[in-house]
Amino acid sequence: AGLLLSTSRLAGLRCPLCGRFSLHAFSLFSFHRSRRPFLVLCSCGFVKMTVSPLNARHYLLHMECAACAGGHVWRLGRREFWQPRLYRFYCPKTEKEIGYLGAEEAVLAAIGPGEDKDEPDFTGYFTRPEVMFQVLGHLKSLAERENLVCQCGNRRIEVKVFPDKLELRCISCHSLLLIYAETQEDLMAVKKMPRIVMSERGFASIDASRKTQNR
């Protein structure tokens, strides 16, 4: 039987430049029909990781390390890259754990309270974790059924995860959609949408407190 690959991944990485730990979501559509590297950027602008499709079966990951201030390279097979379980990155020089890659639930579980007292507690990263998880799940379901698209015809949507919202950006025309995930009302507003079509070169937000905003 064939292995079913998830269409989305979450990476948890610390920035060597500013020291901030943050989560980054991306999908299979980020690499669809493209051999260009996918950049994982910190909010300070530093490139924390570069994911380059080597061929149809392998990805090359280059990560800047917050533990030794050097750069490390991993070669992961397609199945390994999109596997459901968690992949942990370790610095080969210090042997410290420096990042995570996997399904949303696996990564978020890994950044909970750790045994090492020097490791920060990221349990409270999201404003409302239970709302965010369900919003992410709904968007994943829409993407798998090709019901998350842009008017320009592109289906490659880049997703960035923040504590209170998701930022969706069209890779082709750079349209932007903000989806808030702070309240149950936000969740219901998203779940009522069987299809999300982003406006070509436009901006919109889905926020239950202000309804849907377009510009």
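Treat the numbers as computed from the prediction; the structure is a model and nothing was measured. In this chain, residues are counted from 1 in sequence order.
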Legend entry - Joint hydrophobic cluster, Phe21 plus Val47, side-chain heavy atoms closer than 4.5 Å: no
Inset, instruction - Can you sort out the partners of Lys96 under side chain to side chain donor-acceptor pair (under 3.5 Å), two or more places apart, ordered by chain and number? - result: none
Inset, instruction - Please name the pair of heavy atoms, one in Cys65 and one in Cys68, separated by the smallest distance, quoted to 0.1 Å. - result: SG-N, 3.4 Å
Legend entry - Considering all heavy atoms, the nearest Ser205-Tyr180 contact: CB-CE1, 4.3 Å
Legend entry - Test side-chain contact (heavy atoms from CB on, under 4.5 Å) applied to Val40 - qualifying residues, sequence neighbours left out: Leu13, His24, Phe38, Met49
Inset, instruction - Could you list all the side chain to side chain donor-acceptor pair (under 3.5 Å) pairs where at least one residue sits in residues 84-93, not counting sequence neighbours? - result: Gln83-Arg85, Arg88-Glu97, Tyr90-Glu97
Legend entry - In one Ile/Leu/Val/Met/Phe/Trp/Tyr side-chain cluster, 4.5 Å: Ile206, Val149: no
Inset, instruction - Applying side chain to side chain donor-acceptor pair (under 3.5 Å), name anything that partners Glu64, two or more places apart in sequence or on another chain. - result: none
Inset, instruction - Can you run down the salt bridge (charged side-chain N to carboxylate O under 4.0 Å, His left out) pairs that involve residues 168-181, sequence neighbours left out, and say none if there aren't any? - result: Glu158-Arg169
Inset, instruction - Specify the closest pair of heavy atoms between Ala181 and Val135, including all atoms of both residues, with the distance to one decimal. - result: CB-CG2, 4.0 Å
Inset, instruction - Establish whether Ile196 and Leu187 are linked, either directly or via other cluster members, by ILVMFWY side-chain heavy-atom contacts under 4.5 Å. - result: yes
Inset, instruction - Please name all residues satisfying side-chain contact (heavy atoms from CB on, under 4.5 Å) with Arg57, sequence neighbours left out, ordered by chain then number. - result: Asn55
Inset, instruction - Test side-chain contact (heavy atoms from CB on, under 4.5 Å) on Cys150 and Cys173 and set out the steps. - result: CA-CA 9 Å; Cys150 181; Cys173 74; 3.6 Å; yes
Legend entry - Listed partners of Thr50 passing side chain to side chain donor-acceptor pair (under 3.5 Å), at least two apart: none
Legend entry - Shared hydrophobic cluster, Leu76 / Met63 (ILVMFWY, side-chain heavy atoms < 4.5 Å): yes
Inset, instruction - Would you tell me whether Ser22 and Lys48 have side-chain atoms, one donor and one acceptor, within less than 3.5 Å of each other? - result: yes
Legend entry - Donor-acceptor contact present, side-chain Asp186 to main-chain Glu182, <3.5 Å: yes
Inset, instruction - With sequence neighbours excluded, tell me which residues meet side chain to side chain donor-acceptor pair (under 3.5 Å) with His138. - result: none
